[in-house]
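This report concerns only the one structure given below.
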Amino acid sequence: MDKPSTDTELDRRAISILRENEWGDYTLPTRGLYPYQWNWDSMFVALGFSEFDLDRAWTEVETLFQGQWKNGMAAHIVFRSDDPSYFPGPSIWSSGQNPPTSGCSQPLVAATVVRDLYEKDREVGLPRLQKVFPKLLMAWHRWFHAMRVISGGSAIAVTHPWESGRDNSPDWDEALANVDPYGVTPYMRRDTGHVDPSMRPTDEEYDRYLKLVEYGRETGWDHAHITREGPFAVADPGVSFILMRADRDLKELAKAIDAQDSEKEIDTWLYHAEEAADYLWSESQGAYAARDMRTDEHADGVSSVAFLSYYAGISIPRRDAKLQRTLRRILNSARYSLPSFDPEHRKFDSKRYWRGPIWAIVNYIVARGLAEYGFERESERIRLDTRAVIRKYGFFEYFDPMEGRGAGGNQFTWTAAI
Ligand code: DGY
């Protein structure tokens, strides 16, 4: 049953995983490893639900925003309870929110998903869109554009690897090495009790993740200060491109509800999109790459999110030829696409979380952008490879791009959603 052999069986199994992981009005990423509501997980989940239960899909969006802060931020985890099987829980974050949440955000796929939901049935969607649009979507986008830029620049920073959703990507290695873990409060990890430790971030990384949480907590979660002065601020192609796409979709939603002032405000954000892409472009790597905002150094290595520029609506001919060459090289260097990090790079690790494995959700958005720009062959290859590994191994959290094997959590909701 875990390895469905036909498409119908595959669909049936995907739907039952979404249903099995429902937790009232929201959905867990998977049982055990992630016992709360995660931000971008939830939005991909909504997309999955929209294939067979549009009402439930809207509900998933609405519950995510129960954890929205007064300053507009939609947090990366909404806790609602304290489950001892997960660390770090609500007391470590001390967000002061009700329901309790973490203190950072996550890639803003929500507006794009809400647009998809709305387009599926405009009549059903309109009243729900009207509710989520101003407070929830606009306020959260505004938070990102105000709180995660460094003055004079336009690139969007993440101030914790968890905010990027790509926790242990090599994109953060250099910036994370500059975070001094000395004095971190002793703690016990729980993730490695659920999943093989060789597939998870290292203890050295965890010490720094926790140190960054302690830093944020000590500032009273002053997000502007954390971005400006904190120990970690990296411009992330993932968050930046996903936000650009979300801004464009939000603008279409503003038109749908005739919110002209919002349209104008969104235009001011989009005005800076190309400049933000310029900041991320690395000529020597022939790709967009993460860039440490404290040192201006690019990460040395190409992640799959580099190819989200198409999804973001950024196409600059003099760069695209190079970017396409880099994409083809990476596609040719793995048996299954799309590895989250360049397989020819010394830091590539086919099983360790974001240092190489394939993630179905990234495959979906990269392939969507490629198809929109006419790169059908590459897009289709990514789509078929995603299906192949799921069919062969089951609905895992991520997959080894060399062997195709599943890794991390199993019965994983966002993989089923895709
Ligand atoms: C975890 O706990 O591993 C999550 O990725 C943090 O968001």
Side-chain angles (χ1 to χ4, degrees), residues 21 26-45 64 67 73-95 97 100-109 158-172 176 179 184 187-217 221 232 234 236 238-239 242 303 305 340-341 349 351-357 359-362 396-398 407-410 412-415:
N21 288 339
Y26 62 95
T27 312
L28 310 178
T30 187
R31 285 175 189 257
L33 183 61
Y34 301 121
Y36 304 109
Q37 184 175 23
W38 260 260
N39 186 322
W40 68 329
D41 286 75
S42 224
M43 295 304 93
F44 286 112
V45 164
L64 173 70
M73 183 183 83
H76 104 288
I77 307 174
V78 188
F79 290 113
R80 293 193 182 85
S81 63
D82 195 352
D83 186 327
S85 71
Y86 180 81
F87 179 86
S91 60
I92 303 293
W93 287 94
S94 282
S95 66
Q97 303 295 308
T101 70
S102 64
C104 63
S105 197
Q106 229 175 12
L108 205 164
V109 281
V158 292
T159 61
H160 195 299
W162 286 338
E163 192 160 69
S164 73
R166 300 183 299 120
D167 307 6
N168 69 340
S169 167
D171 287 359
W172 325 127
L176 208 55
V179 176
V184 68
Y187 62 94
M188 176 142 69
R189 287 177 68 168
R190 298 288 174 186
D191 57 319
T192 43
H194 297 285
V195 168
D196 177 348
S198 70
M199 297 174 180
R200 293 286 303 175
T202 62
D203 287 345
E204 290 68 32
E205 285 161 336
Y206 250 78
D207 281 354
R208 291 171 167 84
Y209 299 160
L210 266 299
K211 203 61 206 271
L212 289 172
V213 172
E214 288 179 2
Y215 176 86
R217 201 177 59 206
W221 295 110
F232 184 95
V234 182
D236 172 18
V239 163
I242 289 170
S303 285
V305 294
S340 49
F341 192 66
D349 182 333
K351 291 188 177 52
R352 207 183 270 280
Y353 215 36
W354 288 94
R355 301 181 80 85
W359 292 75
I361 48 126
V362 175
F396 274 88
E397 185 178 6
Y398 40 92
N410 198 354
F412 217 86
T413 322
W414 71 8
T415 309

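Order of listing sets the numbers, starting from 1, for every ligand and every atom in it.
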Asp83 and Ser81: side-chain donor and acceptor closer than 3.5 Å?
no
Inspect the contact between Glu205 and Arg352 and indicate whether a charged nitrogen and a carboxylate oxygen are less than 4.0 angstrom apart.
no
Pull out every atom of ligand 1 sitting under 4.0 Å from any heavy atom of Trp162, numbered as shown with elements.
6 (C)
Which atoms from ligand 1 have a heavy atom of Asp167 less than 4.0 Å away?
1 (C), 3 (O), 4 (C), 5 (O), 6 (C)
Close N or O approach (Tyr353, ligand 1; < 3.5 Å):
yes
Taking the cut-offs as 6.0 angstrom to the six-membered ring centre and 45 degrees off its axis, would you call Arg208 and Phe232 a cation-pi pair?
no
Go through ligand 1 atom by atom and flag the ones less than 4.0 Å from a non-hydrogen atom of His76.
6 (C), 7 (O)
Is any N or O atom of Gln106, backbone or side chain, closer than 3.5 Å to an N or O atom of ligand 1?
no
Taking side chain as C-beta onward, heavy atoms only, is Trp162 less than 4.5 Å from Trp38?
no
Would you say Trp354's side chain and Ser303's backbone share a donor-acceptor pair under 3.5 angstrom?
no
Nearest neighbour in protein (non-hydrogen) for atom 3 (O) of ligand 1
Arg200 NH2, 2.7 Å
Please list the nearest protein heavy atom to atom 2 (O) of ligand 1 with its residue and the distance rounded to 0.1 Å.
Tyr86 OH, 2.6 Å
Pairing of Lys351 and Asp196 as salt bridge, 4.0 angstrom limit:
no
